Every structure is written in structure tokens, then in C-alpha cells.
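Heads up, the thing below is written out as C-alpha cells.
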4 protein chains.
Amino acid sequence: MILIFKKDATEEQIQSAVHKIEHLGYTPHLSRGAVKTICGVTGDDRALDASEFDQMPGVETVLRVLKPYKLASREFHPDPTRVTVGGVGVGPGSFAVIAGPCSVETEGQVESAAELLQKCGLKLMRGGAFKPRSSPYSFQGLGEQGLQILSAAAKRHGLTVVTEVLSEYDVDLVGRYTGVFQVGARNMQNFALLKALGETRTPVLLKRSMMGTIEELLLSAEYIMKGGNPHVILCERGIRTFETQTRNTLDISAVPVIKRLSHLPILVDPSHAVGDWHYVAPASLAALAVGADGIMVEIHPDPSAAKSDGKQTLTYEHFQALLGRMRDLAPHVGVAVY
Amino acid sequence: MILIFKKDATEEQIQSAVHKIEHLGYTPHLSRGAVKTICGVTGDDRALDASEFDQMPGVETVLRVLKPYKLASREFHPDPTRVTVGGVGVGPGSFAVIAGPCSVETEGQVESAAELLQKCGLKLMRGGAFKPRSSPYSFQGLGEQGLQILSAAAKRHGLTVVTEVLSEYDVDLVGRYTGVFQVGARNMQNFALLKALGETRTPVLLKRSMMGTIEELLLSAEYIMKGGNPHVILCERGIRTFETQTRNTLDISAVPVIKRLSHLPILVDPSHAVGDWHYVAPASLAALAVGADGIMVEIHPDPSAAKSDGKQTLTYEHFQALLGRMRDLAPHVGVAVY
Amino acid sequence: MILIFKKDATEEQIQSAVHKIEHLGYTPHLSRGAVKTICGVTGDDRALDASEFDQMPGVETVLRVLKPYKLASREFHPDPTRVTVGGVGVGPGSFAVIAGPCSVETEGQVESAAELLQKCGLKLMRGGAFKPRSSPYSFQGLGEQGLQILSAAAKRHGLTVVTEVLSEYDVDLVGRYTGVFQVGARNMQNFALLKALGETRTPVLLKRSMMGTIEELLLSAEYIMKGGNPHVILCERGIRTFETQTRNTLDISAVPVIKRLSHLPILVDPSHAVGDWHYVAPASLAALAVGADGIMVEIHPDPSAAKSDGKQTLTYEHFQALLGRMRDLAPHVGVAVY
Amino acid sequence: MILIFKKDATEEQIQSAVHKIEHLGYTPHLSRGAVKTICGVTGDDRALDASEFDQMPGVETVLRVLKPYKLASREFHPDPTRVTVGGVGVGPGSFAVIAGPCSVETEGQVESAAELLQKCGLKLMRGGAFKPRSSPYSFQGLGEQGLQILSAAAKRHGLTVVTEVLSEYDVDLVGRYTGVFQVGARNMQNFALLKALGETRTPVLLKRSMMGTIEELLLSAEYIMKGGNPHVILCERGIRTFETQTRNTLDISAVPVIKRLSHLPILVDPSHAVGDWHYVAPASLAALAVGADGIMVEIHPDPSAAKSDGKQTLTYEHFQALLGRMRDLAPHVGVAVY
């Protein structure tokens, strides 16, 4: 931590801060500049709250030196992490393709998706049974029945299910059916849920909130990891900006930023990021080229009949064409698509 | 709903959309322009999903005519609503001042705040017992013990408690101690919580998410109201933008916008919006002048010792000075401060 | 400036940065923490580019201690500045109301506005002769003829003109007609224009860009002041965010932030900020209460016939009602409206 | 254009709007819904200002059906455009790599860059002689001398120069040295400059503003094209958002969006988008995979000694490695890198 004093801070104010730092068990290092005095604080100050100091008279600003997360950081864990999901690894050398419907609607719909994934040699199927919807008048999901449909179809086709859990009280229920817990964008800072997932050992796919900073995403991962569950997969899914041509703005450079700050794998969800199927294939190719560890996309046999997100959903034909293009590019990016 | 067809849409594509509209029980009205054809849809289309159409061949865009919320809208409820809380009304003619600590820390701290509020003639005390914090290393609140402290102090001083509920499973517990449920910004779209609050008849203070649009805020109010609880008070608390001098950007014009779109009362939380106590007083005066129905502010006997949010917290002296200024201005804005 | 070294920076890398600092004439102060080493740099480093260091091996981040502007800062100029315009002062104790049409359209229109302002006891009239428009198909302004109309009407009614200058090559031309140069939001970083205005001694009304940070606004003021023209008036006019109910988001707390960082007067342009006349009056009252030094609003005898910005323009009746409300509030805020 | 009337609009108000539409030469088509009435307007309404109607009593909203640009749109020009620059084409089938220093500093520096580009088989060299800088204390560029250095080095190595023009008054001067005019992000809405460039026949590289929507970018292209110059190349260079880990947020999906809306070629500037050389290579590969027509990157023999933007500048070694990777991927994306 670094304290920057005001231009006209008195010696007494400076000493008062110095004493407080010492009192809390840290070591102060004063540098007196021509204009301002600064004070470096040494010791592991992650638990130190900046607001302990920024209210003191004479103090202008308090800057942090250490990143506020530790378990999720690459500084303390230099090697990249590979999270094993249903027998396959998500992380370096692989490009995981998770596909499936936005919402589980019928057995036939899920069966057709599972069949397609198996035929394509993929292993991970997404599908929503509990749907968070902005409007109370929209379809809210099939609940446990949806989980049963998903899980049965996955079993028939050798797939692992990835599905969303909305509340800490549903962790047990959802956990009976899923291989990966998905934390949706709206729940990135549902800390009770994160803590509950930290107590399981099931992999968690943690989606970035549409207004979450990268630092906040890593802090949310830290919640899960601090609880004892190291199997966290991050997912960029677009942030909210002023641009309205796309549903959100895909922050593609979040991928290399996260690769540098953290050892955790990072996927991209192009469907929610762009919100329009026309842009899903190019965004998926960009995710592959930029170095993401995979994508999660929405597919439907007839998107115009989908009960949610039809606009951003690929048909099976478009999805297979995209998969072909990704498999063609993958060796040149140094990964295998599965 | 209005469908706009592509410039080169075929007659067959247009007729196919027309048939689908009729099939769903609505009435289509075609207008053929020099460049494009449009089709108005009449009937109450709130339950109609735009994605039913925007995927159809030949369709370029689908626009909504009706607002997606109804119970929260002024169109269907022209008179402003007054929500009664602890014997006083929040709404037209009043300016409610809700004050108290960010987090409940000790009995003494809460007692001193309650004493101050009573002395100042105020009626509503805020305080957090369950604290959602970005970092797992930050103070997480006292839990039920905090609720007991709050509730006891409120009783001694004739105040009503406003405190946050984080999960639908805590509604009963928190409800035993509070007069108003606060839904925090991070939970604006925690739909399970909104539904649970819709089943109570206790007033709900619903804060806008830092990433929530005004329309989404009103849709979240609609969730609560649709459940049967009409006592919703909205709260603007700053949105996330590129500006970093303030914690968030106070969207002051959200107040008159919401007044025009909805009949519900709307407060401002200047503390979280600006994140620095220097700006809390001017922002509070702006809230009063712009027509808000009140404010919610954080106060502490010694902000530099506060366990959370110290930087944005007013001392008792600053708070009393602010209250004096607001009481001076209030008659000229046509409201009474309480 | 403060250098933060990487966790694994070598002693050689640290010494290499230390030598560079000394070589450039500054003094380094090393603090070695348990995890990371930091190095404070003393001396006036405003001219020092962070990129001199942040590319060096072993360096993780470079932080600035001094604000990058000086002439515009309150640190170096503690007393607030009052800019005199047409015989009246803009700054502490006053609340300047600048009103007039968005675009100059006809002599009659401008004459009626000037008449109204004189009748209301106001002194400053706005009006656009050169209009920057997003679309090449929109009305582009009357040019010099518009300036003549503005200037003649102002003279007849004892007013001072405030009008926009779009290019450094127009400074002489526009200067012949105007009392205050307005720099529009799109030109906040037109540095050639800022430099040219720095060479005049005419007051400049500098509008914040819709995506300009407060720091960038103050740096743009610094350009003008560094050229020798200290008469700068700042203007907040809304920033671009994800919210679409208003044209921009009025950043009302920018006013107290700027008051704290700078000694320059700061106005608010509610018309462009909210983009809808329904919200202009509340936003103006908020500007008054928050401590702004004035507002600039668009008025028109018949907004629905205006050639630009009709939606956000007040009728004369609405404007007079607003003025009455502001004059009623002003004594309680400690200012005089003129 | 479509008018949506208020729920309680009177028949007289509706008829008044209908008459105005007819009076302006367009055809109204009324659809009366259960809740609201709408009125479609047919005819080419691009020149019609929405504000003609949205102020009328009884009118709630006015929606546009036609896009406000025409020459830049794919609707009116379905085939993609190829802009020829220095003998090579920018557009379908090619991936143009424009590289060079941020600022021209010395002859040696530019010569070394030109030599490198020629050796790599590239054709286009960027370099800034007039530099727009946020701070008046930063390096402002060498001006015409910089242009001479650029142009001479380009000639020696068979390259075409791409350099920025800041003002309409510099078009002749800069035009004597450059093969492509670059319009910087801060000038995207400098309409006088756009008009002046519309009168030349030299290709223009138009960068998106950090606050510009895609629609505004296309409207700015329309300004140039309406003047008679069809040789416009667009460039995405990052938009401003709340995320601070990167200088801006690269809006990678703007590429397929623009490909769908417009026939003009679109490049990506990864250097300004991400602002940190660590992320420039992944962002460049993403640009290639997403379907951009090229990139523009900053290179320097010693970035830590660069007078501007050192942090985001690639060394020659890193640049060559990136070029190798792009040439490896390019055939799989269906383009040739030059």
C-alpha cells in the first residue's frame, strides 16, 4: 500500500499515519518529494482496508501495490491450471466447445442436441433449467424436470452437463444432475452462492458479469477457491457499453489479460456477448485465435421457435460449419478442439 | 410490436410473418413503403417474445410498442404511489431521510446513530447486517446478531429499520427485525428473491444495479408487484461508467425519467453513488432539487474507523449540517423533510 | 511517480531503473516489501512520461503522484476563479443562466429570444451558427450570417453572445461577433483549436466531451491556460453510458469533483445532457443545488418547428417558469441568478 | 418512420400528425391497436427529422425504419468494396498489415522501420507527424519535417505512407506526402475535415472514436463519400468502457457488424485498443480470425525510448513473430497477408 499525502499535509498528520501503520504491524517508508510526501507500506497488506487511511487528515490518496486476490493470481501460481471435466481437460492445449440449447424445452430438443454433439465428437453439453429472466412475463425454465431431461440425454450420449445454479440452496439439487456448475453473469457477485460452491469439489464455470471488471471476476473466483474448490473456469460473455448493435460488447482482450493475471482457464460465450447469430461464428473464431480455452454456444434445431434467446442461437447446420472452421484453424493455434 | 422487413424481402416471406401473427391471435397491419414494408401488430403483446419473429426470413428488425412492464407503469396507474413505512409516507410531498451505518459493528455505534436520528426528528434507520463484499478478505457483517442490535436500538428511539436481505431464504429471518426490506444493487436481478418479497406485504426498497437500465429496474419492481406486494420504493445509487473520480456515476436524471414512466416513489443513495463523503452533501441537495422522494445516506461517529465504506460516510456533524441545509431548501421544493 | 516492481524482479533490474531515474535528474527512494519492491520518485515529474519506465524489465506498473495539470488545479491556485463576461462574473456567488436557440434560424427567432432574455434580466445569449451534425443530411447552420443575426440582436438587448467555434481557422471570424467562445463536446480534444484560443484573451466555455474524463477536461483547460488565456469556464453536458432513456447521462457529481480539483467555474448544460425537455427543468434545479456556477439551456418559440434539437428545447413559457423556480431557490443556495 | 401515439392521444392529435405527414409529401398508414395507435410513414424519409414529430401533442415516440446513411450501406451497395492503396487492394481476400512508429522521431528510426517492412514484404507504413496529445506537456510531433522523413523513407523502400491529418487546412500539405489520409479517433466527427477529405480522391482511413457508435462511424464515412470520395477504409480501435485493465475495450464484434451493415473495408488497430504490447499479438490474431481486412500496429526499435505510446508498441522481433503467425493462419481464413 502507498499513501500519498496532500501538498499541504502537516508533519503531525504524516506522523499520525506513520504511527497507525506501525501500530497495525506494517513497516512505513517515507519519501519526501519536492511537492508531496509519499509513504510505502511493506508487509502483506491484502487484509488491510484502504479506508483505514484514506479518511485520515492530510492523506490524499491510498494506492494498492498487491493485487487483492491471491489464489486466483498467476503471481502465486505461475503454471496454468487445467480443470478436468468429464474426463477431458479445460486449459492449455485444448479448446473446449460447450454447446446446447439456451433453455431446456422438450426431451426431443435436448436429445437432438445431445445426438449432434456426440456425432461431432464433443463432450460437454449446456442447457438451462432455471432461467433468470429480466421480465416476469418471460419463460422461466422447467426447473428440476429440465435437469432430468438434460442429464438423461447426456448419459445416453456420453456427455457431461453444464447447467446454471441460481441460489446456494439449489447447489445440492443441481449438483445431482450436473458435471459443471454454471454461475451466470447476474450471479457473479452472489457471494452466498460462491461460498456454497467453494465447499463442493465440482468444477464451476464462472461467468463475468456484464458490468464486472476483470479484477472483480478474479475476486469472485477467489471466493470459490478460498472455500477449498480450486476447479474454477472463467468465462467472458460480453460487457455492457454504449454500443447497441450488439447485445453486449465482447471484451475479447479480457482473454489475454486474464491469462497474464491468472492461471485459471478462460472461455468465451459468443452467443450472449453478441446477441445475434450472424456474429456468433466470427466471434467464436476470434476467441480461438486470441487464445481462449474454449467457447460456450447456444444451438437449437429451430431457433425461431426457441423459448428464449432465439436471435442469438445457431442452427445445427451453422454450428457444424463453425466447428469445421475451428477444427481447421486449431492446429495453427496449437490446440485440439473437443 | 412492429416488424420491419428487409428491403428485398419476398412477398412469400411477408405473408409467412403475417400468418404467424394471425395464428398467435394478433392482428397484422401492413404498410408498404417505397423502400421497406412494415407490419404493425395490434393486441396486448407484452407476453409476445420478439424472438418469435426476428429470426424469420425476410424480417430485419422487431420493435416493441408497449413497455414491457405494466403494474409499475404510470400509463396504467397515473397517480403517484405513497408507500407507508413505520407510520410515515414515502412519496409526493415528503422527502424521506434514511440514515445509519453501512455495517452494524457494535451496540454503541448503532445506539449513537439511533439517538442522533431521534434527536433530528427522523424516522428511518439503515444498517447492514449481511454485507455483500467484492473481496472474500473483507468484513462480511454480523448476521442475525447485527439485526438484533439494529432492531433493539430502533425500538428504543421510535425508528423503523431498513436493512438488506441477500437471499430468498433469509426473508423470514430478516423480516422479523426489519420494517423495510432493502434489495441491494447486486441483487436487482435476483429473481428468486424478488418473487419471495412479492409474497410479503412489507415495503421493499429496490436499488438499481450499477449495470441496470431504468427499464430493467422497473421490470424488477414488476416482479415484486406481480407477486402481490405493491409497496415498492425505488432507489438510484449510481451506475458504472468510464469516469473514475467517483465510485459510480450518480444518474440524477433517472429521477425525473422514473417519475414520468412509473408511479412508484424513487430515492437516491448519494453515498454509494459518489463514494466519497466530500460529494455526499452536494449530491443530496441535488436529489432534493431534482424531485426525488428522499435519500439514504451512511453516517458513522468516526468514519476512519468504520469497517466498511468509511470513505463515503458522513460524520454526525456533517450529517446534521446537511440536514439543516435540506430543511432550509425543502419548502421551496414543496416537500417536508422527515 | 512511483514504480512498482514485479514480485520476481532481479536486483539488476531494480538498479537499472534507479539509475535511469537519477540520470533524468530525479531522486529515487526504494522501499523493499515482503512481496514487492517499490520506488518513489521525487521532483516535479509532470513532464516525465510513465512510458519511460513501464517498459523496463522488472517493472510492473508506474503510478503518478502529481496530477498531470497544474494551471487548472486548485492545488496551485487555491482560490476560486471568477471569469468576467460582458460585465458580469461567472463564479462564486452567482448562477449564470445562458439561454437561446440551438441553431440560429431566422432574425425573428433570435430577436424574440433576445427580447425574452432582456425582459427576464439575463445577460448571456447562446446560439449556434456553425453546427456539427452527425449526419451529412442534417441542417448545418447559417455560418457567418448566423453570427451577424446573433450579434445584432444581442446588441439591441444588451446581451453578450456565447457561440461555438469549430476550427482554429475560425477564431478570428467568430471572435468578431462573440463575447465567449464555446468549444463543443466533440472538440474538447481539438488541440489546435485549444491552442488558438489560448492566444486570445476572450473567455472560453469548454464543454466536456461525452466520453471525456474529468481529468481530460482539466487537461484541455490546461492547453488554453498554458497559451496565456486564463478565462476558462468549464461545462458538464452529459456523458455517454449504457442508459438510453436520456440522450446522455448527466454526471451531476462532476460539479463538486471539479470544484475540489480545480478553481475554474463549472456550468451544466441540461439540454444536451438529458435530451428531452421534460427533464430539463429538474436537471437545472439539480445543477443549482449541487453548486454549479450556472446553466446553459436551449429555448425556442416553437420547439416542434426547430431545425435541430427540438426534443430537448424549452418553450419560452417553460423557460420562464423554470427561471422563477431557480430565483426562488437561489438565495437558499447562496447565489444570485442573472 | 413510425409514430407511436400515447395511450390517451386524442383523435384530433392523431389527425394533426397525419396531416403533417401528408403535407411533407409522405404517406401515413394508421394501425389502431387495443392500447396504442401507430402510424407508419412511407417514402424515403432519410431527410426527415424525427424532431419534426416527437414534440407534437399525443406523440409518444418516433422510430426510424431506414438507416440514416445510404452510400456507406450494404443495402444500397451489396458488393464489398476494395480500396486500392499504393498498388495493393484493401478488402476481400487480403489482410493488410500497416505498421510503423507511433510518432516520427528521427530519420534513423523511420529508416529502420521502412527497411523492416520491405524485408517482410509489406507495403504500407504508418507514422505520426502531427500528434494529438491529451496533455499540453507531452511531445506534439515533428510536423512537416516528420512528413518529409516518412515520405523519403517510404520512397526508398517502395512503401505507401499512412499518416494522420488533423485539420481541413492541412489536407493539401499532408496530401503532398501521404498515400492515405488517416482520420484519428478524436476527429471522427470533425465534419469540416471529413468534408475536405470528401473533395480529394485519396484513400481515407477513418478511425472510430472511442465514444463513437458504429452508426456514427458509418455516418462519418457518409460525409466523405457524399463529397465524392468513395475510397474510405474504416478502422476499429477500441471504445471507452468501465474496464481499466486495457486502455480501451477492443470491440471485436464491430467487424462482423460493420461487414453486414456496410460494404466498406474495416481494419483493426490493436495497439490503441489494448494499450499494452503484451496483448497486441493476441488481439491481432483475433482481428484476422474475425474477418477484418487488416490491422495497423505500432512498432519501434526500442519501445522504452519511444516519445509516445511506448507501452503499446511492439519491438521489431515481436512484430516479426506476429507476422509469421498471421501468415501461418491466413490461408485458413482465406486471405493473403501483405
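Keep in mind it's a predicted model, so treat the numbers as computed, not measured. The figures here come from the full heavy-atom set of this structure, side chains too, leaving out hydrogens, waters and symmetry mates. Proteins come first, then strands; the chains are lettered A, B, ... in the order of their sequence lines, and each starts at number 1.
Under the rule for a salt bridge (Lys or Arg N to Asp or Glu O under 4.0 Å), the partners of Glu60(B) that lie at least two apart in sequence or sit in another chain are Lys36(B), Lys67(D). Here His278(A) pairs with Asp276(A), Arg260(D) under the side chain to side chain donor-acceptor pair (under 3.5 Å) rule; sequence neighbours left out.
Interatomic distance, CG of Asn187(B) versus CG of Asn187(A), reported as 8.0 Å (0.5 Å rounding). One distance of note links OG of Ser167(A) with CG of Leu193(B); it measures 9.5 Å at 0.5 Å rounding. Taken from NZ in Lys311(B) to CZ in Phe53(A), the straight-line distance is 14.5 Å, to the nearest 0.5 Å. Here the OG-CD distance, from Ser134(B) to Glu222(A), works out to 12.5 Å after rounding to the nearest 0.5 Å. One distance of note links OG of Ser135(A) with NZ of Lys70(B); it measures 12.5 Å at 0.5 Å rounding.
Of the atoms belonging to Thr313(B), it is backbone heavy atoms, and not side-chain ones, that fall under 4.5 Å from chain A. For Asp170(B), the part lying under 4.5 angstrom from a heavy atom of chain A is the side chain only. Proximity to chain A (any heavy atom under 4.5 Å) is restricted, for Glu216(B), to the side chain, taken from C-beta onward. Proximity to chain A is absent for every atom of Thr61(B), based on heavy atoms less than 4.5 angstrom apart. Interface residue Tyr223(B): backbone and side-chain heavy atoms are both found under 4.5 Å from chain A.
Distance alone, capped at 3.5 Å, is enough to place a donor-acceptor pair between the Arg240(A) side chain and the Met211(B) backbone.
Tyr169(A) and Glu168(B) are not linked by any side-chain donor-acceptor pair at a separation below 3.5 angstrom, with hydrogens and angles left out of the test.
Looking only at side-chain heavy atoms (C-beta outward), Phe191(A) and Lys131(B) stay at 4.5 Å or farther from each other.
With respect to chain B, the highest number of heavy-atom pairs below 4.5 Å among Gln140(A), Glu215(A), Gln312(A), Lys195(A) belongs to Gln140(A). Among the candidates Phe130(A), Trp277(A), Phe242(A), the residue making the largest number of heavy-atom pairs closer than 4.5 Å to chain B is Trp277(A).
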